[in-house]
Amino acid sequence: MLELYLPVAQMSVNPFLIIGFGVVIGIMSGLFGVGGGFLLTPLLFMVGIPPSIAVGTSANQIMAASISGVLAHLKEGNVDLRMGAVLTVGGFVGSAIGVAVLKVLIALGQVDVAIKLFYVFFLGIVGLLMFIESLRAYAVFLGWVKAPKRERKNHGWIHGLPFRIRFPVSGRYISVLLPLSLGCGIGMLTALMGVGGGFVMVPAMIYLLGMPTLVVVGTSLFQIIFVTANVTFLQAYANQSVDIMLSVLLIIGGVVGAQVGARVGKAMRGDQLRILLAMIVLAVAIKIFFELVLTPGSLYSLELGG
Amino acid sequence: MQRLIAIAALCFALLLAPVAPTWASNVVVDLDRNDIDVTITFGGTQLLLFGAVRPTDETTGLLMTIEGPPVDAMVRRKGRLLGLWFNLESRVLEQVSSYFQVFATPGIDIAATSIMFQPDIEPDTRLSERHLLQLDEWQQAYLDTAEAKELIVQDAQVLDWKSKTLFRASLNLPSNVTPGRYRVRVHELSSDRIIVSSTTYLEIRRAGLNANLFALAVDKPAYYGLLCVVLAVISGFGAARLLRR
């Protein structure tokens, strides 16, 4: 059996299995328009890749996928560059904090538990919200319920925030603090969970920032590139937790998968897709939750130093 | 192949020598390879150990140990806190063998692990004295977790006699072995007393692209980080080109 040795993880893997993971993630991104990092990191855990390396290397793969994804959006003019830049600035701060927190967690020996907790918490919430929302949308489509009236929510406190600037592409005039802190929070998730954060960013852009749906995905991808680049660099620099061979395998698989996903996605309805995505997200959250609460097979774990 | 021939010649000479007063040891051991390169395609390997002994009247059996380079091992123990399993306690075992296996000819009764945490076995050591060692919880946990990673086998394995004088064993090296110097020792036993010992070494080292990438990641992490970013940029644009077709 062909094996490939990972120089940083210092173990060998079956390259076809890892490429297969990349394909799955690529299909997810082609189908749902999300990066799929939330699925990738747990898959890497399953084959024994140390959690910190799974998280660091995921960020590297997402960066490559986001670059190839954003180009089409840029060409169509569906990227709010100013908003993207502000989110990126926030993301740099957040991801630097996240990498530092990860370094502390590694030193404390709590990195695997912490990463899994973040996963259960965020995937649980997002999966549940997405599930309810997509079910409702599907019910509307079937004519069971009437579509709720869309009203732009007027969050009073949001408009009271200072430093308002204009975002012409999105047609918004809002406080810069809002996208800055959003970017910061998602940057932390990128560092701690190895996700692009699109699954939080996209709804937040629509409901919190009030951006038009057309520019949301492109702008999200745009900022993910820079934040994951920052995370890749910092994880490699501070935590030695990016394995370049693992990245190469995942990227190869991702390219193939994105092709497949885009084709399959055209044949399915948006709300059906979202129900499916929500179910995958929830399944991952539940699986990791059980890993945290069930008595482990062995109470002991080993880490060999130099 | 040349090595094999050399060893065969050595074994042969050992067998023929009626009296060899200058011969320091009655037992020799060697490997089919003394260097293993951990390259990018390394997926673990099998090694053949073989040797010869000129048994005396006293000889009752052989004991062979293979020890990996010493490392500091961090052992963690999970405990329940608020319903979740956290790593609550940990202990660093300093300079333990990163790899350990014992082979013994049939009839030799030895708890393999009892010699691992002890100072070197010298000639005239009695193995029965080695059984007294009680492992603490963390040492036992180290053995169990390392065994799960295929780095340690806790029970002595059977050392095959190929004839009255020749023996051999095969050794499994998984892909997660720690690079460094491995020591192979064979002890000739008279009941449980060591008569004479022989040592040989195995060098496992990173090689080629794997060595370069590892060195870059550890010694120049900033350059390595940039390399990863550049890789993503190039493959991202490359993928976009491919996908457009």
Side-chain angles (χ1 to χ4, degrees), chain A residues 1-5 7-8 10-12 14 57 60-72 108-110 112-113 117 225 228-229 232-238 240 242-245 247-248 251-252 254-255 258-259 262 291-296 298-306, chain B residues 38-44 71-80 83-87 90 92 98 138 141-142 144-146 148-149 151 174-176 178-179 206 209-214 217-218 221-222 224-229 231-244:
Chain A
M1 193 173 60
L2 180 62
E3 295 272 325
L4 203 68
Y5 191 82
V8 174
Q10 302 200 50
M11 57 183 282
S12 67
N14 181 338
T57 309
N60 198 17
Q61 189 270 344
I62 294 164
M63 184 190 166
S66 302
I67 290 174
S68 73
V70 84
L71 292 173
L108 289 175
Q110 302 298 353
D112 25 356
V113 181
L117 270 178
I225 294 170
T228 48
T232 301
F233 179 78
L234 289 177
Q235 301 278 38
Y237 185 72
Q240 262 98 52
V242 181
D243 196 299
I244 197 164
M245 291 310 293
S247 296
V248 169
I251 290 170
I252 293 171
V255 171
Q259 290 262 40
E291 283 171 22
L292 284 173
V293 296
L294 292 183
T295 306
S298 166
L299 290 183
Y300 298 93
S301 60
L302 173 64
E303 188 186 316
L304 292 180
Chain B
V38 178
T39 60
I40 212 78
T41 54
F42 181 72
V71 290
D72 290 343
M74 167 75 87
V75 181
R76 297 196 171 92
R77 186 175 64 202
K78 288 196 174 67
R80 207 167 206 164
L84 303 175
W85 291 91
F86 288 91
N87 289 320
S90 67
V92 177
S98 56
W138 298 97
Y142 172 69
D144 293 342
T145 48
K149 291 172 187 276
L151 294 171
S175 76
N176 56 348
T178 305
R206 296 181 183 87
L209 180 62
N210 178 41
N212 296 335
L213 288 174
F214 179 82
V218 172
Y224 179 79
L226 284 176
L227 181 68
C228 294
V229 169
L231 166 82
V233 172
I234 293 172
S235 50
F237 278 100
R241 278 194 85 119
L242 273 175
L243 293 181
R244 220 170 297 145

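Numbered from 1 within each chain, the chains take letters A, B, ... in sequence-line order.
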If I measure from the heavy atoms of chain A, does [X] come under 4.5 Å with its side chain, its backbone, both, or neither?
| X | answer |
| --- | --- |
| B:T178 | side chain |
| B:A146 | both |
| B:V38 | side chain |

Checking heavy atoms, do the side chain of [X], its backbone, both or neither come under 4.5 Å from chain B?
| X | result |
| --- | --- |
| A:L4 | both |
| A:L299 | both |
| A:L117 | side chain |

Just so I understand: if I count every heavy-atom pair under 4.5 Å between each of [options] and chain A, which residue has the most?
| options | value |
| --- | --- |
| B:S90, B:S98, B:G83 | B:G83 |
| B:V218, B:V233, B:V229 | B:V229 |
| B:L209, B:N210, B:D144 | B:N210 |
| B:N87, B:N176, B:L213 | B:N87 |

Pairwise side-chain contact, [X] with [Y], heavy-atom cut-off 4.5 Å (strictly under):
| X | Y | answer |
| --- | --- | --- |
| B:L231 | A:S247 | yes |
| B:R206 | A:Q10 | yes |
| B:Y142 | A:L302 | yes |
| B:Y224 | A:Q240 | no |
| A:Y237 | B:L226 | no |
| B:L151 | A:L304 | yes |
| A:T295 | B:W85 | yes |

Return the [atom1] to [atom2] distance between [X] and [Y], rounded to the nearest 0.5 Å.
| X | Y | atom1 | atom2 | result |
| --- | --- | --- | --- | --- |
| A:I244 | B:L227 | CD1 | CG | 3.5 Å |
| A:L2 | B:T41 | CG | OG1 | 8.0 Å |
| B:M74 | A:S301 | CE | OG | 9.5 Å |
| A:I251 | B:S235 | CD1 | OG | 3.5 Å |
| B:I40 | A:M245 | CD1 | CE | 4.0 Å |

note = With sequence neighbours left out, the residues meeting salt bridge (charged side-chain N to carboxylate O under 4.0 Å, His left out) with B:R76 are A:E303
Looking only at heavy atoms, which two atoms of [X] and [Y] are closest? And how far apart?
| X | Y | answer |
| --- | --- | --- |
| B:A217 | A:V8 | CB-CG2, 3.8 Å |
| A:Y300 | B:A141 | CD2-CB, 3.4 Å |
| B:G43 | A:S12 | CA-OG, 3.7 Å |
| B:F86 | A:Q110 | CD2-OE1, 3.8 Å |
| A:V293 | B:R80 | O-NH2, 2.8 Å |
| A:T232 | B:G225 | CG2-O, 4.4 Å |

